[in-house]
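Here is the structure we will look at, set down as structure tokens.
Atoms within each ligand, like the ligands themselves, are counted from 1 in listed order.
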Amino acid sequence: MRLLFLGDIVGRSGRRAAVEAIPRLRERWKLDFVVINGENAAGGFGITEAIHQELVDAGADAVTLGNHAFDQKETLVYIERHERLIRPLNFPPGTPGRGASLLKAKNGADVLVINAMGRVFMTEIDCPFRAIDREITACSLKSGADVILVDFHAEATSEKQALGLFLDGRVSVVVGTHTHTPTADERILPQGTAYMSDAGMCGDYNSVLGMEADEPIHRFLARLPRERFEPSLGPATVSGLAVEIDAATGLATRVKGLRLGGVLEPTEPLFWE
Ligand SMILES: [Fe+2]
Ligand SMILES: [Fe+2]
């Protein structure tokens, strides 16, 4: 089966590009399941219920989050109603919403989507390694899920690589998000898990992490805020990871980083043509 993961959507430009690309790629690449990280979809900060719906309507089977999960206060309430919207698993007990969701793919497979957040250079929260371990013990590739995807939202590459190898052979995909910059290390790990340290963002790369550069530059120089961060509105690159999975084992048989459009990849890649 074929699965596509797209990294953090930043603002209107990233949203527009992703919403345009998803139905087209679903059709052309015969995708069975699509996951998108939506933590920066609403003007760079969090996600509204309307935007979550827009992504689902475009063909996203699951929308994952991260440290910006609850930047839009309405998310604290509406997240309970949406099984496709998944916030970090290792937030404190009592946090609204869910950290994992078992969802049906187009080919009938049961896909367990897990979102977890790293702890290196980020807020101190519960251990992501143990939280995911508990989750996939309760619902493993052999009992409960045909495919397991982990979106690991983290800053440090070391933590991401350690988690990838910790989960190797027990999940189908470990893909990193949060840095908004794609890495060139996508591969299949020794025991069959597809891995990429960071999927990169869906947004305008002529920016600072998807935001117009003036304010970030000012803050580095002056150490004081001057204005709000505003998403950069130039043409977006849709960035992510395409994975082919053996439906019998739930492990990866093919993996390729995806960059589509915008300044990073103006021409369409030929993967799965
Ligand atoms: Fe992000
Ligand atoms: Fe983030």
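Side-chain contact check for Leu55 versus Ile47: some heavy-atom pair is nearer than 4.5 Å. Between Ile114 and Ile132, some side-chain heavy-atom pair lies under the 4.5 Å cut-off.
Counting just the N/O/S atoms of Asp8, the one with the shortest distance to the Fe ion (ligand 1) is named OD2. When you scan the N, O or S atoms of His180 for the one nearest the Fe ion (ligand 1), you land on NE2.
Taking the six-membered ring for Trp and thresholds of 30 and 60 degrees, Phe70 and Phe91 have ring planes inclined between 30 and 60 degrees apart.
Taking the charged nitrogens against the carboxylate oxygens, Lys160 and Asp185 have no contact shorter than 4.0 Å, which rules out a salt bridge.
Angle OD1(Asn67) to the Fe ion (ligand 2) to ND1(His178), rounded to 10°: 100°. Here the angle at the Fe ion (ligand 2) defined by OE2 in Glu39 and NE2 in His153 stands at 90°, rounded to 10 degrees.
The Fe ion (ligand 1) has no N, O or S atom of Thr177 closer than 2.8 Å.
With Arg2 contributing its side chain and Trp29 its backbone, the two residues share a donor-acceptor pair below 3.5 Å.
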